[in-house]
Amino acid sequence: MKRFLNSNKAVNGFYLLIHGCFLLSFLLVQGCNNAKAISIDASSSAIGALLSDGDFGIFGNLGNAGGTSPAATSPVNISLSGYLNITSNDLNLTLTDSTDSTTQTLALTANGSYSFSTELTSGDSYSISLGSYTQGQACSISTNASGTAGTTGTATIVCERQLAIAAGWKNNSGVPVLKLFGVNHAVNPYVVTKNLSVTVGGAPSSVDPELVWTGSNYLLVWKSADTTIKGQFYDISLTALGSTFTIYTGSGITIGKVSAAYNPSGEFAVVWTESASTRAAKYQRINASTGALLGTATSIASSTSNTYTSADVILSGSTYYTAFRQRTSGGANSLLAYSFSTGAATSVKTYTATSGTDSLALDYPSLFTQGTNIWLFYSQTNTDGSGNVNSATLKSSNNFQVTPATMRTETNPYGCDPVNSSGDQYMIPSVAIANSTNLLVSYDSFCADMGVYNEVSNLPVTITSGAITSGAAGTPTDYSVSEIGTSSTMGSSITCRTAACFISAGDESSKAIYLFDPDFGGNIEGTSTIYPTDSNGIQTPVTVIQ
């Protein structure tokens with residue numbers, strides 16, 4: 001073996017001998033006699049190509065035992081929206097690589113963008129499945145639940161809170177009933193996920209349930225007796241939190257309709273009317289976590305001669321607004337609107353209407369808010385000016401405007417015939433915000449003296465720049481007769497989700513609780529029976545949907 005002499009030139013510590021073989025400076029190879037030594041700069045493209053090519057000559061596969069370059073990989077990305085992780089139950093996903101049958105999991109605690117921890121080999125097919133998550137909401141992989149690594153886009157998971165419905169009624173024996181239902185509206189047909197019986201605790205003339213969603217739990221309020229208001233918290237899955245608590249109790253009184261509003265500062269305001277030797281509309285604030293009373297019951301308005309009924313309440317900004325009917329001993333009718341926070345209430349607006357010498361009944365206010373706008377819907381019973389009722393009108397007021405707008409007038413809906421002595425007629429509204437340009441109003445047609453609710457309808461209303469303008473009301477859709485074959489539905493309530501609105505209502509004839517799915521084109525998308533026929537009877541049902 002020859003040693004290489006000084007005639008070989010060294011550059012950057014490498015020697016390249018060309019005689020049909022390649023050598024490193026530290027390698028001696030037999031059979032390369034008489035080789036001519038040349039030098040090449042190690043930074044040149046030639047030596048760079050040799051060193052970087054993992055499969056070339058004796059430089060091949062340095063550090064790569066397989067003899068090939070590592071395969072390209074791609075992440076599998078996830079986008080999660082609408083998820084409410086409020087019972088400490090993460091949303092769990094499983095990714096299955098269909099090419100090599102491997103799996104990996106991912107637990108998501110909040111909305112956002114994520115990726116599975118291990119990337120997949122580009123070109124591998126895969127699928128993603130949903131595991132456990134906080135119940136009381138519906139989650140689905142709306143796009144890209146399966147695909148190919150490197151080419152398929154982000155998997156989109158969308159969640160939405162399920163419907164919750166409180167329903168109160170009396171059975172044929174006069175026993176009060178209070179039910180709480182959970183409904184998965186994301187499947188067709190709709191599925192009742194919860195059917196809870198709530199202990200009323202007494203024998204009120206009417207249960208009058210109220211249900212409020214806070215963004216993390218529900219408050220259910222009801223009358224356990226004509227003198228007592230009770231409350232109970234539930235989580236998103238309608239699991240009771242803590243015990244039932246008393247919000248208010250009085251002596252020698254009869255409590256009317258109960259309403260409640262949530263304040264993100266950590267409280268609720270509960271509003272009601274009561275009749276006694278001194279009549280009043282009152283409110284009580286309670287702690288939003290414990291139900292403990294905050295302050296004492298405060299009178300909004302009181303009188304020894306006037307009567308107050310049908311109170312409703314909402315929160316706008318940091319101020320509560322309430323509206324209720326007032327009737328004087330002389331038969332003068334008005335609708336009063338007040339605001340309050342922690343002390344005495346302040347009068348905001350008084351609405352009155354007359355026909356001839358008749359003071360028209362203004363009743364059943366329904367308040368709601370969006371941004372800086374406060375809407376008030378209510379019923380106006382109309383007369384011919386000589387004391388004879390001839391129709392009812394649904395009215396609306398935006399930000400307590402001086403002159404309310406007329407939404408719809410009905411003269412003789414489904415047998416409610418006020419002209420032929422069937423009594424006062426009302427249109428009892430419930431309102432929901434469908435989107436930035438539309439409201440949906442449901443209303444019950446009610447013949448008061450007959451005690452009959454004749455129809456549940458919905459009315460689309462267009463809002464422009466946050467206001468209701470003349471001609472904004474669309475064509476109403478009627479439900480009771482067309483959908484369930486009777487004309488005695490009552491106690492309806494409306495709410496909206498991302499893609500649809502829903503109306504709940506009870507029916508005395510069918511002895512059932514129903515869920516309607518309206519749209520803005522006058523179509524009825526679906527009708528479901530939430531609570532099937534009850535052999536014990538359902539009398540004067542009232543529902544509240546959230």
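The first residue in the sequence is number 1, and the count goes up from there.
- Not counting sequence neighbours, the partners of Ser305 by the side-chain contact (heavy atoms from CB on, under 4.5 Å) test are Ser303, Ser329.
- Sorted by first then second residue, the ring pair (Phe, Tyr, Trp, His ring centres under 6.0 Å) pairs that include residues 294-315, not counting sequence neighbours, are Tyr308-Phe324.
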* To do: Please report the C-alpha distance between Ile236 and Thr87 in whole Å, then the side-chain angles of each, then the deciding distance to 0.1 Å, and finally whether the side chain to side chain contact (heavy atoms under 4.5 Å, CB included) criterion is met.
  => CA-CA 8 Å; Ile236 188 175; Thr87 59; 4.2 Å; yes
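- Taking the centre of each ring, Tyr378 and Tyr364 stay at or above the 6.0 Å mark.
- Residues satisfying the side-chain contact (heavy atoms from CB on, under 4.5 Å) criterion with Ser430, sequence neighbours excluded, are Ser442, Ser493, Ile494.
- Thr228 and Lys223 form no side-chain donor-acceptor contact under 3.5 Å, judged by distance and modelled atom types alone.
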* **Full working for side chain to side chain contact (heavy atoms under 4.5 Å, CB included) between Phe368 and Leu439** => CA-CA 11 Å; Phe368 71 105; Leu439 309 176; 3.5 Å; yes
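- Under the salt bridge (charged side-chain N to carboxylate O under 4.0 Å, His left out) criterion, Arg408 pairs with Glu410, sequence neighbours left out.
- Listed by chain and number, the residues in a side-chain contact (heavy atoms from CB on, under 4.5 Å) with Ser391 are Asn382, Thr409, Thr411 (sequence neighbours excluded).
- Taking the salt bridge (charged side-chain N to carboxylate O under 4.0 Å, His left out) definition, one finds that Asp444 meets it with nothing, sequence neighbours left out.
- Remark: the backbone N or O of Ser216 is paired with a side-chain donor or acceptor of Thr214 at under 3.5 angstrom.
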* Please test Ser197 against Lys179 for side-chain hydrogen bond (donor to acceptor under 3.5 Å, both in side chains), starting from the C-alpha separation and ending with a verdict. => CA-CA 5 Å; Ser197 293; Lys179 286 277 191 177; 2.9 Å; yes
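- A donor-acceptor pair under 3.5 Å links the side-chain atoms of Asn333 to the main chain of Ser359, judged by distance alone.
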* Is there a side chain to side chain contact (heavy atoms under 4.5 Å, CB included) between Thr134 and Tyr83 once you walk through the steps? -> CA-CA 9 Å; Thr134 297; Tyr83 187 59; 3.2 Å; yes
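- No close placement of the Tyr426 and Tyr443 rings is indicated, their centers lying 6.0 Å or farther apart.
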* To do: Mind running side-chain hydrogen bond (donor to acceptor under 3.5 Å, both in side chains) on Asp226 and Ser205 for me, showing each step along the way?
  => CA-CA 6 Å; Asp226 283 341; Ser205 54; 2.8 Å; yes
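- Legend: residues meeting side chain to side chain donor-acceptor pair (under 3.5 Å) with Tyr248, ordered by chain and number and at least two apart, are Glu274, Lys282.
- Tyr514 has its ring centre no less than 6.0 Å from the ring centre of Tyr479.
- Looking at residues two or more places apart in sequence or on another chain, you find no side chain to side chain donor-acceptor pair (under 3.5 Å) involving Ser396.
- With sequence neighbours excluded, no residue forms a salt bridge (charged side-chain N to carboxylate O under 4.0 Å, His left out) with Asp358.
- In this structure, the side-chain contact (heavy atoms from CB on, under 4.5 Å) partners of Val158, at least two apart in sequence or on a different chain, are Ser81, Ser142, Thr156.
- A centroid separation of less than 6.0 Å is found between the aromatic rings of Phe340 and Tyr283.
- No donor-acceptor distance shorter than 3.5 angstrom exists from the side chain of Arg161 to the backbone of Arg497, with no hydrogens or angles considered.
- Looking at residues two or more places apart in sequence or on another chain, you find a salt bridge (charged side-chain N to carboxylate O under 4.0 Å, His left out) between Arg285 and Glu267.
- In this structure, the ring pair (Phe, Tyr, Trp, His ring centres under 6.0 Å) partners of Phe502, at least two apart in sequence or on a different chain, are His185, Tyr190.
- Counting heavy atoms from C-beta outward, Pro476 and Leu459 have side chains that approach closer than 4.5 Å.
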